[in-house]
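Scroll down for the structure; my scribbles are underneath it.
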Number of protein chains: 2
Amino acid sequence: MADVAAKVGVSRALVSIVFRGKEGASQETRDRVFQAAAELGYHPDTAAQLLRSHRSRHLGVLYTPAEPFHVDLIEAIYPMAEKHGYDVVLGAQTPTRAMTKAVEELLGFRTAAVLLLGDATLAEVTRLAARVPLVAVGPHLRGDAFDTVSSDDSRGARLAVEHLVELGHRHIVHVDGGVKAGAADRRRGYRAVMRKHGLPATIIPGAYTEESGALAARELLRCDPLPTAVFAGNDRCAVGIVHALRRFGLTVPGDVSVVGFDGSRAAQLPHIDLTTVRQDISGTAEAAVESAIERLDDGRTEAKHVIRKTQLIVRGTTAPPKR
Amino acid sequence: MADVAAKVGVSRALVSIVFRGKEGASQETRDRVFQAAAELGYHPDTAAQLLRSHRSRHLGVLYTPAEPFHVDLIEAIYPMAEKHGYDVVLGAQTPTRAMTKAVEELLGFRTAAVLLLGDATLAEVTRLAARVPLVAVGPHLRGDAFDTVSSDDSRGARLAVEHLVELGHRHIVHVDGGVKAGAADRRRGYRAVMRKHGLPATIIPGAYTEESGALAARELLRCDPLPTAVFAGNDRCAVGIVHALRRFGLTVPGDVSVVGFDGSRAAQLPHIDLTTVRQDISGTAEAAVESAIERLDDGRTEAKHVIRKTQLIVRGTTAPPKR
DNA sequence: CTGAAAGCGCTTACAG
DNA sequence: CTGAAAGCGCTTACAG
């Protein structure tokens with residue numbers, strides 16, 4: 001920084017002003033400063049800026065890289081954060097790297113707030129919220145100390161099952177998501193619609209993965225008669241079901257209709273073309289970032305719990321039953 | 001930090017020593033310091049440590065979150081980096097966020113070195129290497145200023161095609177990866193084996209995505225006679241081909257055999273069970289991290305270009321031709 | 001082990 | 001605009 005100042009012939013304070021885009025420097029000086037910085041390969045030291053200015057402009061995001069839905073979310077979070085002048089610091093949870101470790105790293109970076117994607121217990125969330133402003137995205141938790149953004153999973157599930165019933169399906173199975181985020185509400189929604197129409201509810205225990213979908217497909221094939229429709233816990237599970245059924249020689253939606261949940265990018269792929277319940281990804285990202293900003297920049301302290309609407313997207317994996 | 005020191009009744013310097021795990025403090029003092037820190041919620045400020053100590057223990061990794069192969073790599077990079085005492089800072093390239101932006105961010109964090117996953121031109125890599133020790137993972141580039149770790153793509157491709165020939169296939173099509181990393185070498189390997197056996201080479205232009213695989217599958221169906229085997233540019237493309245073929249009512253490997261490339265996690269899924277050429281992911285991650293460490297901690301300055309072996313993994317999508 | 005001091009690369013407030 | 005000064009939370013080297 002001193003080198004840049006010397007080269008341009010101005011004070012270090014002015015260079016600082018130019019790089020932060022503050023007023024107090026002429027356009028000509030700005031150009032010369034940037035020019036000199038480029039030649040010298042100078043780049044402001046984020047750590048020093050942060051240290052001195054006492055303000056972190058970093059939003060920590062705790063996520064699972066292998067989770068496609070998280071990837072969709074962080075891609076939406078980046079532009080939202082940038083709009084508010086924040087950088088995003090990613091903290092990755094991997095099979096060899098527990099959440100606590102990723103959290104400590106994020107806190108070491110002094111992120112101003114943390115957006116927590118995915119599953120967490122109330123105890124974990126509460127403990128973390130005591131250390132840093134926290135927005136939990138996904139889990140249906142409530143508390144005074146943290147914000148949440150979640151989807152209306154129960155309503156989404158009802159939309160999916162009502163769609164199948166309207167197509168004429170009577171024998172509809174749900175492959176659920178166990179204890180994962182939203183799974184309980186999706187189960188509830190499924191049960192409610194089946195009950196309403198006087199249909200028997202059948203739930204195959206599953207998870208939010210392709211493997212579990214493929215496994216559940218084997219269970220389905222053991223049913224006699226074969227169900228005419230499946231409501232999967234999420235898109236990954238649905239994709240596993242579709243592929244496994246096709247591999248076993250069945251057609252989708254000819255023999256079995258399948259509905260997913262999430263509205264992930266994978267569901268849109270032309271060879272999948274999955275009917276699904278879309279969660280509003282960019283709206284969720286927006287709400288999460290704004291919740292954090294409100295606490296950080298506007299001084300909000302009371303908890304805020306946002307629920308985003310879901311929407312049924314009818315594509316190519318659902319049709320009226322043939323049997 | 002001062003609060004912790006006061007609470008325990010020691011100097012700040014001692015607290016610093018305890019947190020860095022250096023000698024000069026008794027076990028009892030260490031315990032008391034950690035105890036007090038936990039009660040006070042104290043956590044060392046990474047930025048300040050870095051600023052003062054002049055050493056960054058951060059490895060920047062530039063990657064694409066939506067790329068499953070990158071995800072496999074970063075999951076392998078984390079434990080390797082930790083082994084050498086380095087933290088990983090992720091820089092994400094997304095559709096709305098160009099590489100240059102992610103690079104600036106990483107450099108702002110003063111990462112000690114950068115591991116660059118995925119595609120980059122020689123000019124980009126050279127320019128970046130002038131600013132920070134750089135290891136490019138994937139692209140077949142050579143230069144004096146940076147290290148690379150890549151796979152023996154040509155040999156891998158030959159393994160795949162030889163496998164198909166040995167099964168009895170004569171009509172083998174390659175769906176390529178265009179200008180992406182390794183695509184040229186994989187094409188070369190395919191052509192070499194076809195030529196060696198006096199077979200005609202047919203290449204369908206593709207990309208490293210499921211969509212391109214699905215699109216290529218339509219092209220395949222227009223071939224008369226239908227090829228009996230396909231060598232796909234990578235696993236994602238292969239998965240798209242398999243699914244599209246099955247959707248069109250064909251069986252894999254009954255009607256068409258399919259081989260992928262990468263050995264990604266997706267290829268292992270039971271409903272895919274893809275025959276593929278595995279790149280040594282953990283070996284690649286290890287080589288990349290070690291290349292960076294050698295420059296950082298051992299003072300190596302000459303470039304190092306590592307090529308990792310590939311391995312054919314025969315699974316369920318290849319079989320002798322029926323026709 | 002302590003305690004005082006210097007300094008990392010910045011930002012900030014102030015007198016000019 | 002300048003220039004000098006203080007200070008962020010640490011680490012480091014040193015005399016005791």
Side-chain angles (χ1 to χ4, degrees), chain A residues 1-37 40-58 85-87 104-112 131-132, chain B residues 1-37 40-58 85-87 104-112 131-132:
Chain A
M1 183 165 174
D3 295 342
V4 175
K7 178 152 188 166
V8 182
V10 299
S11 65
R12 289 164 56 226
L14 231 216
V15 174
S16 169
I17 283 168
V18 170
F19 265 94
R20 283 173 298 127
K22 284 189 62 172
E23 53 185 12
S26 66
Q27 188 55 50
E28 198 221 325
T29 311
R30 286 179 197 282
D31 294 343
R32 285 171 58 215
V33 167
F34 284 130
Q35 168 77 22
L40 263 38
Y42 169 77
H43 201 266
D45 185 323
T46 309
Q49 289 181 317
L50 194 157
L51 183 60
R52 179 55 238 240
S53 63
H54 278 158
R55 310 172 299 115
S56 162
R57 296 305 276 185
H58 291 143
Y86 280 79
D87 276 340
E104 294 308 318
E105 188 191 72
L106 246 29
L107 293 180
F109 278 121
R110 294 290 188 268
T111 54
R131 304 220 267 160
V132 65
Chain B
M1 183 167 173
D3 294 343
V4 174
K7 178 152 187 165
V8 182
V10 298
S11 65
R12 287 165 57 227
L14 232 214
V15 174
S16 169
I17 283 167
V18 170
F19 264 94
R20 282 173 299 130
K22 283 188 62 172
E23 53 185 13
S26 65
Q27 188 54 51
E28 198 221 324
T29 313
R30 286 180 198 282
D31 294 343
R32 285 170 57 213
V33 167
F34 284 130
Q35 168 76 25
L40 263 39
Y42 169 77
H43 201 266
D45 185 322
T46 309
Q49 289 181 318
L50 194 157
L51 183 61
R52 178 56 238 241
S53 62
H54 278 159
R55 312 170 299 115
S56 162
R57 297 304 276 185
H58 293 318
Y86 280 79
D87 276 340
E104 294 309 317
E105 187 191 73
L106 245 30
L107 293 179
F109 278 121
R110 295 288 190 267
T111 54
R131 304 218 269 159
V132 65

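Just so it is clear: chains get the letters A, B, ... in the order the sequence lines come, proteins before strands, and each one is counted from 1. All figures in this text were calculated on a predicted structure; none of them were measured in a lab.
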(message) Whole angstroms only, please: what is the CG-C1' distance between A/Leu50 and C/dC10?
(response) 11 Å
(request) Working to the nearest 0.5 Å, report the span between CZ of A/Arg20 and CD of A/Gln49. (result) 8.0 Å
(request) Report the distance from atom CG of B/Asp45 to atom C1' of D/dT11, rounded to the nearest whole Å. (result) 13 Å
(request) Using atom CZ of B/Arg20 as one end and atom P of D/dG9 as the other, report the distance to the nearest whole Å. (result) 18 Å
(request) Would you kindly compare A/Lys22 and B/Gln27 by the position of their nearest DNA chain C nucleotide and give the one closer to the 5′ end? (result) B/Gln27
(message) Once side chain to side chain donor-acceptor pair (under 3.5 Å) is applied, do any residues pair with A/Thr29, and if so which ones, sequence neighbours excluded?
(response) A/Ser26
(request) Hey, can you tell me if B/Tyr42 and B/Phe19 have their rings parallel, tilted or perpendicular (30° and 60° cut-offs)? (result) perpendicular
(message) Let me check I have this right: for DNA chain D, each base becomes ., (, ), [, ] or |, based on Watson-Crick or G-U pairs with both distances under 3.5 Å. What is the full string?
(response) |||.||||||||.|||
(message) Using side-chain heavy atoms (C-beta onward) and a distance below 4.5 Å, is A/Leu14 in contact with A/Val33?
(response) no
(request) Taking the side chain as every heavy atom from C-beta outward, state whether A/Asp45 and B/Leu51 have any atom pair closer than 4.5 Å. (result) yes
(request) Just jot down the side-chain contact (heavy atoms from CB on, under 4.5 Å) partners of B/Ser53, sequence neighbours excluded, or say none. (result) B/Arg55
(message) Within the 4.0 Å heavy-atom criterion, would you say B/Tyr42 contacts the bases, only the backbone, or no part of the nucleic acid?
(response) sugar-phosphate
(request) Please examine the side chains of B/Val10 and B/Arg32, heavy atoms only from C-beta on, and report whether any two atoms are closer than 4.5 Å. (result) no
(message) Side-chain N or O of B/Ser16 versus OP1/OP2 of D/dC10: is the shortest distance under 4.0 Å?
(response) no
(request) Would you please confirm or rule out a distance under 4.0 Å between OP1 or OP2 of D/dC10 and any side-chain N or O of A/Arg110? (result) yes
(request) Find the distance B/Phe109:CZ to C/dG9:P and express it as a whole number of Å. (result) 18 Å
(request) Would you check, one step at a time, whether the test side-chain contact (heavy atoms from CB on, under 4.5 Å) holds for A/His58 with A/Asp87? (result) CA-CA 5 Å; A/His58 291 143; A/Asp87 276 340; 3.4 Å; yes
(request) Of all the heavy-atom pairs spanning A/Ser16 and A/Met1, show the shortest one and how long it is. (result) CB-CE, 3.4 Å
What's touching nucleotides 14-16 of chain C from the protein side, N or O pairs under 3.5 Å?
none

(request) Figure out the CG/P separation between B/Asp3 and D/dG9, and round it to whole Å. (result) 10 Å
(request) Look at all strands and tell whether A/Ala25 reaches a base, only sugar-phosphate, or nothing, counting heavy atoms closer than 4.0 Å. (result) sugar-phosphate
(request) Indicate yes or no for a side-chain donor-acceptor contact from B/Arg52 to the backbone of B/Ala48 under 3.5 Å, with no hydrogens or angles considered. (result) no
(message) Whether B/Gln49 contacts D/dT11 is assessed here as follows: a side-chain N or O lying under 4.0 Å from the phosphate OP1 or OP2. Is that the case?
(response) yes
(request) Name all residues meeting the salt bridge (Lys or Arg N to Asp or Glu O under 4.0 Å) criterion together with B/Arg30; count only those two or more places apart in sequence or in a different chain, and write none if there are none. (result) none
(request) List the atom of A/Phe109, the atom of A/Leu50, and the distance in Å for their closest heavy-atom pair. (result) O-CD1, 4.1 Å
For nucleotides 4-8 of chain D, print each protein N/O atom paired with a nucleotide N/O atom at under 3.5 Å, atom names and distance only.
| unit_1 | atom_1 | unit_2 | atom_2 | d |
| --- | --- | --- | --- | --- |
| D/dA6 | N3 | A/Arg52 | NH1 | 3.4 |
| D/dG7 | N2 | A/Arg52 | NE | 3.3 |
| D/dG7 | N2 | A/Arg52 | NH1 | 3.1 |
| D/dG7 | N3 | A/Arg52 | NH1 | 2.8 |
| D/dC8 | O3' | A/His54 | NE2 | 3.2 |
| D/dC8 | O2 | A/Arg52 | N | 3.2 |

(message) Rounded to whole Å, please give me the gap between CD1 in A/Ile17 and P in C/dC10.
(response) 15 Å
